[in-house]
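In what follows, every heavy atom counts, from backbone to side chain, and hydrogens, waters and symmetry copies are set aside.
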Amino acid sequence: QVHLVESGGGLVQPGGSLRLSCAASRISASINTMEWYRQVPGKERELVASITSGGGTNYADSVKGRFTISRDNAKNTVTLQMNSLKPDDTAVYYCNIRWKLGADIFMASWGQGTQVTVSS
C-alpha cells in the first residue's frame, strides 16, 4: 500500500514562510500528478496546488503568487514553499499522488497531514 508522510508544518507569523515536504513510498508505478490539499474543521478538503510529471503547475486562486509546488521524481517527494502566509492559510495540509495503470487512475490513501498555523 502506498504510504504518504507530510512534514514541515508549524506556527508562523503572518507574512512568514514555511516549506512543506511529502514523501511517497511503497510505489513502483510512475507518478503522474502530485498535489497538496488543505482542510480546516467544518470545511471540505481543498486542492491547493498540483504538479504534473512534466513540471506543469496549477494553483488555487487563494494561494497563487505566494505558494510554489515542486517535485523530485527520483525521490518521489513533493514540496510546497509557502510565502507571505496569512491567517486564512491555517489548516492541516495533506499531499497526494495520482498514477495511471491502463485506463484506471489511482490515488493514495490520505496520510496524517501536517498542521500549519499562521498567527501573530
Is it true that the side chains of [X] and [Y] contain a donor and an acceptor less than 3.5 Å apart?
X     : Y     : answer
Thr79 : Ser70 : yes
Ser53 : Asn32 : no
Glu35 : Tyr37 : yes
Asn73 : Arg71 : yes

Relative to each other, are the rings of Phe106 and Trp99 parallel, tilted or perpendicular (30° and 60° limits)?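 The rings of Phe106 and Trp99 lie parallel, inter-plane angle below 30°.
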Taking all non-hydrogen atoms of both residues into account, name the closest pair between [X] and [Y] and its distance.
X      : Y      : result
Val2   : Ala108 : CG1-CB, 3.8 Å
Glu46  : Ser62  : OE2-OG, 3.8 Å
Lys43  : Gln39  : O-NE2, 3.2 Å
Ala91  : Arg38  : CB-CB, 3.7 Å
Lys100 : Ile105 : CG-CG1, 4.3 Å
Thr90  : Val40  : O-CG1, 3.0 Å

Are Ile27 and Val78 joined in one hydrophobic group, where the rule is that I, L, V, M, F, W and Y side chains link up if heavy atoms are under 4.5 Å apart?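 Hydrophobic grouping puts Ile27 with Val78.
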Out of curiosity, does Val12 fall in the hydrophobic cluster containing Val48 (side-chain heavy atoms, cut-off under 4.5 Å, transitive links)?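 Yes: a chain of side-chain contacts under 4.5 Å links Val48 to Val12.
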For [X] and [Y], indicate whether the former's side chain and the latter's backbone hold a donor-acceptor pair under 3.5 Å.
X     : Y     : value
Tyr59 : Ile69 : yes
Arg98 : Thr33 : no
Thr77 : Ala23 : no

Applying salt bridge (charged side-chain N to carboxylate O under 4.0 Å, His left out), run through Lys86 and Asp89 and close with a yes or a no. CA-CA 5 Å; Lys86 305 175 181 179; Asp89 295 319; over 6 Å; no
